[in-house]
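Below is one structure, written out as structure tokens; comments come after it.
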There are 2 protein chains.
Amino acid sequence: MALSRTRAVRPAARQPRNAAADRAPTLQAAKAAQTRARLIDATVRCLVKYGYANTTTPKVAEEAGLSRGAMMHHFENGTALIKAAIAELHEKRLRAFRRAADRPEHEVTDLVETYWRQLQKPAFIAFHELAVAARTDADLASILSPLQEEFRAKFNAQAEQLFPEWLGSPNFALAMTLSQTILEGMAISLQTGGMEPAQVEPMLRHLEAQIRSLAPAA
Amino acid sequence: MALSRTRAVRPAARQPRNAAADRAPTLQAAKAAQTRARLIDATVRCLVKYGYANTTTPKVAEEAGLSRGAMMHHFENGTALIKAAIAELHEKRLRAFRRAADRPEHEVTDLVETYWRQLQKPAFIAFHELAVAARTDADLASILSPLQEEFRAKFNAQAEQLFPEWLGSPNFALAMTLSQTILEGMAISLQTGGMEPAQVEPMLRHLEAQIRSLAPAA
DNA sequence: AAAGACAATCATATCTGTCTTTTTTAACGG
DNA sequence: CCGTTAAAAAAGACAGATATGATTGTCTTT
């Protein structure tokens with residue numbers, strides 16, 4: 001996709017057009033929002049199937065079952081589409097954690113299981129695809145970095161709220177980093193052929209034991 | 001780079017030409033080997049600087065200080081260049097381990113330190129760049145997969161040889177996977193902005209403690 | 001003279017952004 | 001209630017940029 005900056009200053013045409021426009025509150029043109037969602041979804045699917053580099057506007061349009069012209073009507077350029085997809089992925093990650101936090105039982109190892117399940121979903125693959133691309137793409141990085149920081153902060157806050165007994169423990173940050181590193185590292189290694197799938201289960205159980213041993217006396 | 005397969009069947013011209021050719025053992029034209037090495041080096045540098053997707057033949061040629069035409073003289077197409085770079089990276093990884101094994105002192109945690117240092121080098125970034133691209137590029141994957149498996153095997157064999165007391169321990173595989181996952185996961189997270197650098201040291205120390213506690217009674 | 005190293009150029013393919021044209025569809029007045 | 005109309009949606013066409021493989025030409029070395 002390459003995220004190229006628009007050369008000329010477009011005459012400010014076709015602004016993002018928030019679903020519920022200023023004065024016309026309800027419109028059948030709320031269907032536009034649905035189409036936009038369809039395009040964003042197609043973008044994420046393309047990220048997973050083709051990788052960031054090969055996620056081109058024609059491919060996304062085809063994946064969404066639309067013409068490229070129609071697609072450009074909803075997103076003025078490829079950058080806008082990627083931005084929207086990133087925002088969508090980010091919110092999806094946050095929502096998933098909120099859901100997990102709303103569950104009644106809060107076992108220490110629930111976080112591990114929940115996050116691991118998260119990492120199996122396409123959203124994580126797409127996000128990693130973007131994160132890797134951002135390493136050599138300053139524009140992409142400027143979009144992604146703040147969101148990554150926000151996610152880390154909310155992740156920690158969520159965990160702190162779920163397990164108040166950890167509050168103030170010097171082991172808290174370590175346990176968080178350990179969990180994230182191991183789980184995300186495994187997810188990536190699985191995708192890129194770096195590790196054998198048979199090792200996943202033992203690793204999960206070991207991590208759970210680790211966390212328990214790091215926990216302060218309840 | 002995209003690793004596209006050559007369409008027509010080239011008339012088998014210009015075979016790889018191993019540095020020391022069959023009968024003409026010594027030639028000043030061994031400079032060709034030097035140029036090839038320069039090109040391979042430039043390729044790795046480009047992988048780090050621009051990422052796999054943006055590592056194009058013009059960029060590599062420029063980085064090597066050669067014309068693209070000259071480059072095509074040494075590597076008939078971009079695929080051949082990438083293949084050579086992969087082989088180079090693979091051998092570099094293996095050599096680094098052999099060097100580490102030749103050192104006299106074999107502390108348990110030496111492996112951690114040594115591997116972690118390895119992961120800071122450009123070679124690992126380049127390799128991960130390739131591994132991620134291979135997820136959606138079957139041709140690249142067919143080249144990379146066997147090498148990854150070979151690396152894993154040699155990595156384990158090396159460790160087993162260095163620490164014979166682990167032999168037969170059910171914890172051995174776990175310790176190996178744990179080390180690889182944590183260290184590689186951290187290296188990637190650092191590159192992609194997924195974790196805070198301040199957390200690296202505590203993680204390294206924790207991993208070392210982990211390995212010690214997994215070790216069988218000496 | 002012959003071969004290899006190197007350079008320059010050509011032709012093709014694809015992606016991107018922009019512009020123009022057609023089709024659909026919702027809104028409004030008769 | 002329905003037909004007209006204007007805007008939105010969709011499709012298509014076009015030019016610029018860039019990457020790629022291939023071809024041809026030049027110069028040095030043996």
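Per chain, numbering begins at 1; letters A, B, ... match sequence-line order.
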Completion exercise
Shortest non-hydrogen pair, B:Met71 vs B:Leu66, comes out as N-CD2, 4.5 Å
Problem - Below 4.0 Å: OP1/OP2 of D:dA8 and any side-chain N or O of A:His74 - result: no
Handout entry: Note, A:Gln161 side chain near A:Gln158 side chain (heavy atom, < 4.5 Å)
Key = yes
Problem - d(CD1, B:Ile82; C1', D:dA19) in whole Å - result: 14 Å
Practice task
Taking only the side-chain heavy atoms of B:Ser67 (C-beta and beyond), determine which of D:dT20, D:dA11, C:dA7 contains the nearest atom.
Solution key: C:dA7
Practice task
State which residues pass side-chain hydrogen bond (donor to acceptor under 3.5 Å, both in side chains) with B:Arg38; sequence neighbours excluded, sorted by chain then number.
Solution key: none
Exercise for the section: Specify the separation, in whole Å, of atom CE of B:Met71 and atom P of D:dA22. Expected result: 13 Å
Problem - Distance below 4.0 Å between B:His73 side-chain N/O and C:dA5 OP1 or OP2 - result: yes
Handout entry: Gap between atoms CD and P, on B:Glu76 and D:dA22 respectively (whole Å)
Key = 8 Å
Pairs under 3.5 angstrom only: tabulate donor-acceptor contacts from the side chains of residues 185-196 of chain B to other protein residues two or more places apart or in another chain.
from: B:Ser189; atom 1: OG; to: B:Gly185; atom 2: O; distance (Å): 3.3
from: B:Thr192; atom 1: OG1; to: B:Ile188; atom 2: O; distance (Å): 2.9

Problem - Those residues of residues 38-52 of chain A lying under 4.0 Å from DNA chain C by at least one heavy atom - result: none
Fill in the blank from the handout: Among the nucleotides C:dC6, D:dA13, D:dT20, whichever has the atom closest to the side chain of A:Arg68 is D:dA13
Handout entry: Under 4.0 angstrom between B:Thr56 side-chain N/O and D:dT18 OP1 or OP2
Key = no
Practice task
Give a yes/no on whether any side-chain N or O of A:Thr57 is located under 4.0 angstrom from OP1 or OP2 of C:dT16.
Solution key: yes
Handout entry: Rounded distance (Å) that lies between atom C1' of C:dC15 and atom CG of A:Asn54
Key = 11 Å
Completion exercise
Rounded to whole Å, the CG-P distance (A:Asn77 to C:dT18) equals 7 Å
Practice task
Specify the separation, in whole Å, of atom CD of A:Glu62 and atom C1' of C:dC15.
Solution key: 14 Å
Completion exercise
Assert: residue with more 5' nearest nucleotide on DNA chain C, out of A:Gly78 and B:Gly69, is B:Gly69
Completion exercise
B:Leu81 atom CG is separated from D:dT20 atom C1', nearest whole Å, by 13 Å
Exercise for the section: Could you list the residues that satisfy salt bridge (Lys or Arg N to Asp or Glu O under 4.0 Å) with B:Glu150, not counting sequence neighbours? Expected result: B:Lys154
Problem - For D:dT30, the Watson-Crick or wobble counterpart (both distances under 3.5 Å) - result: C:dA1
Problem - Pairs touching residues 79-102 of chain A that satisfy ring pair (Phe, Tyr, Trp, His ring centres under 6.0 Å), sequence neighbours left out - result: A:Phe97-A:Tyr115, A:Phe97-A:Phe151, A:Phe97-A:Phe155
Completion exercise
From CD of B:Gln34 across to P of C:dA5 the rounded distance in Å is 12 Å
Quick one: side chains of residues 45-54 of chain A, donor-acceptor pairs under 3.5 Å with protein atoms, not counting sequence neighbours, listed by atom name and distance.
from: A:Arg45; atom 1: NE; to: A:Glu63; atom 2: OE2; distance (Å): 2.7
from: A:Arg45; atom 1: NH1; to: A:Asp41; atom 2: OD2; distance (Å): 3.3
from: A:Lys49; atom 1: NZ; to: A:Glu63; atom 2: OE2; distance (Å): 2.9
from: A:Asn54; atom 1: ND2; to: A:Tyr50; atom 2: O; distance (Å): 3.4

